[in-house]
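Notes follow once the structure below has been shown.
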Amino acid sequence: MCGIVGITGNKPVADILINGLKRLEYRGYDSSGIAVSNGGLNIFKAKGKISELENVTRGENLEGLTGIAHTRWATHGPPNVINAHPHCDGNCDVVIVHNGIIENFTALKTRLAASGHEFISDTDSEVLAHLISEYYEGCLEDTVRKILHLVEGTYGLAVMHADEPEKIVAARLGSPLVVGLGEECNYLASDVAAILGETKRVLYLKDGDVAVLTPDGVDVTSIDNVPLSREINEINWDLDQIQKGGYPHFMLKEIFEQPKTIRDSFRGRILPELGDMKLDGLEMSDTELREIKRIVILACGTSWHAALLGEYLIEEHAGIPVEVEYASEFRYRSPVIEPGTVCFVISQSGETLDTLEAMREARRRGAKVLGLTNVVGSTIARESDAGIYIHAGPEIGVASTKAFTSQVTILLLLTVLLARRRNMSLVRGQRIIKELELIPEKINKILEQSDKILEIAKVYKDVANFLYLGRGYNFPIALEGALKLKEISYIHAEGYPAAEMKHGPIALIDPDMPVLVISTSDGSYQKIKGNVQEVKAREGKIISIVSEGEKEISEMSDHVIEIPESLNMLTPLLAVIPLQLLSYHIALLRGENVDQPRNLAKSVTVE
Ligand code: M6R
């Protein structure tokens, strides 16, 4: 999604702004631009990659100590130079960058056009620059506060005015903004990654906040000009963690990091001798945990797949009814929340708009809301009643990999925590923890098969369709495998519960149709063998993920990837790894941009 960077201070800003934009590239974008104050407001924009913006600005005068910059992910109007941000008013006195959507922009535009304003872009955002220019009377923050009362929609907004060259005014409603504090230099960004190289002291703006940044300081008020104080946070991520560390792509780095990130997720939270878990972040007593009557889990995309696995785990081991909902559906229907319902909200970014709004809806309906997020200080993390950080570290690749396995790890911990307060025995709890501690090493063994998976990828790189089948705990993994493949390789892929195949998808099976079957040795093994036979009988190609030493399915398969044995409930953490690698290799062989697939954004902050 769109990204914002802003700086005002005592040093030239152009390079820092462009570097900041580069750190936001992973969020997905299709054009970019920069505005620097030097005598007037100088604006440069380019379609495509940030390297295009660098080409456009080469040799231009971009000296200046205050500036704002933007990466745009098109919503209103195609990706081109005119629609790229920053946008300005007719005289270029006001310049803005904007994330979000102005829902009443047509009405505002009509009104402004009637009083002589000329618009040049297709965007909703341009109207903000004209509105500010229309109402400006010498104080930018007063004007911004005034016009925000006229605006409907969502915004993360940064504004400059030629008459107040050292000032940036920012405002937030529904689209994240973070302010970085430096020495005689202050920063603004839509994502802390953009300014991490400059400062680690930040404050997060809340919805309804208006911030004024100058080299001397930062003031925050409400849009009604009530002074507000916002807590200063220290970021503990390093710049190294958001760089590739020798891997050709972030996605590959993140796949290979999983032995570590899974360990980071359970470190300090497992109690091996007690066969129990310690999840202090939930802020719930044993009695409160025992009183949970029903759980609703809200999420989107990959996080939804983790949630589905959470349902299977919690219902089987803790016996609590669980419902998993797409956040976008939950927020617009009339969900029933009974007393005793706890709502878990899963989001890597903690900024997904549908998930955030679904969480707010759940709270309005009386549920306690608990966040499972990765990004510290994200909106979901801050707005939830309590929650658990998954500790996967910054995930830059748009296709989620390590965040998924960390989400699943946390759901496993949660399952044991809930189950031990019900019927799970001490011995069972101890056994699960022992097996969980072995998972990172087992993942290393799977990662060693990357070259073998590359060979399989070479065989199937040109197919048009792929089917992924799994049963039980491996069904959410089939969904996740299919999503990974389609989002980075653009091959159409579907995940199905294996038994559902005969209710429709079996019609697609022919010698050109690869079917990936996850058939680890659990209770459903015998059944899935039957499903593999059904594919074989129709000459479909079979790639199977099996437990080490498995014979029967392996003999029916065209390609076999073995994974180490584990408890059934832990197997998904292993089974997903070869699927991530297969997608990565296929996408790369097809020449696709695996880290920034087309049309996708890392953090989906629009509906
Ligand atoms: O940040 P979130 O976990 O809330 O994101 C949800 C989805 O947008 C995300 O998982 C998406 O499906 C990924 N591209 C999957 O790889």
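All ligand and atom numbering here is 1-based and tracks the order in the structure.
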Check each atom of ligand 1 against the heavy atoms of [X] and keep those under 4.0 Å away; list them by number with element.
| X | result |
| --- | --- |
| Ser347 | 1 (O), 2 (P), 3 (O), 4 (O) |
| Ser303 | 2 (P), 3 (O), 10 (O) |
| Val398 | 13 (C), 14 (N), 16 (O) |
| Ala399 | 16 (O) |

[atom]: which protein heavy atom is closest, and how many Å away?
| atom | result |
| --- | --- |
| atom 7 (C) of ligand 1 | Cys300 O, 3.8 Å |
| atom 14 (N) of ligand 1 | Glu487 OE1, 2.9 Å |
| atom 11 (C) of ligand 1 | Thr302 N, 4.2 Å |
| atom 8 (O) of ligand 1 | Val604 CG2, 4.0 Å |
| atom 1 (O) of ligand 1 | Ser349 OG, 2.7 Å |
| atom 2 (P) of ligand 1 | Thr352 OG1, 3.2 Å |

Using the six-membered ring wherever Trp is involved, compare the ring planes of [X] and [Y] and label them parallel, tilted or perpendicular (cut-offs 30° and 60°).
| X | Y | result |
| --- | --- | --- |
| Tyr312 | Phe475 | tilted |
| His317 | Tyr473 | parallel |
| Phe105 | His76 | perpendicular |

When you check the side-chain N and O atoms of [X] and [Y], is any donor under 3.5 Å from an acceptor?
| X | Y | value |
| --- | --- | --- |
| Ser400 | Glu395 | yes |
| Thr409 | Arg269 | no |
| Lys484 | Thr302 | yes |

Return yes when atom NZ of Lys368 has more than 12 non-hydrogen atoms of other residues, nucleotides or ligands closer than 6.0 Å, and no otherwise.
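Counting neighbours around NZ of Lys368, more than 12 heavy atoms of other residues, nucleotides or ligands fall under 6.0 Å, so yes.
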Under 4.0 Å between a Lys/Arg side-chain N and an Asp/Glu carboxylate O for Glu361 and Arg364?
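Arg364 and Glu361: salt-bridged.
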Taking both backbone and side-chain atoms of Ser400, is any N or O found less than 3.5 Å from an N or O belonging to ligand 1?
yes
Could you tell me if any non-hydrogen atom of Lys484 lies under 4.0 Å from any atom of ligand 1?
yes
Judged by non-hydrogen atoms, does Leu600 sit under 4.0 Å from ligand 1?
no
Would you check if the side chain of Asn593 reaches a backbone N or O of Gln596 as a donor-acceptor pair within less than 3.5 Å?
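Yes, Asn593 side chain to Gln596 backbone: donor-acceptor pair under 3.5 Å.
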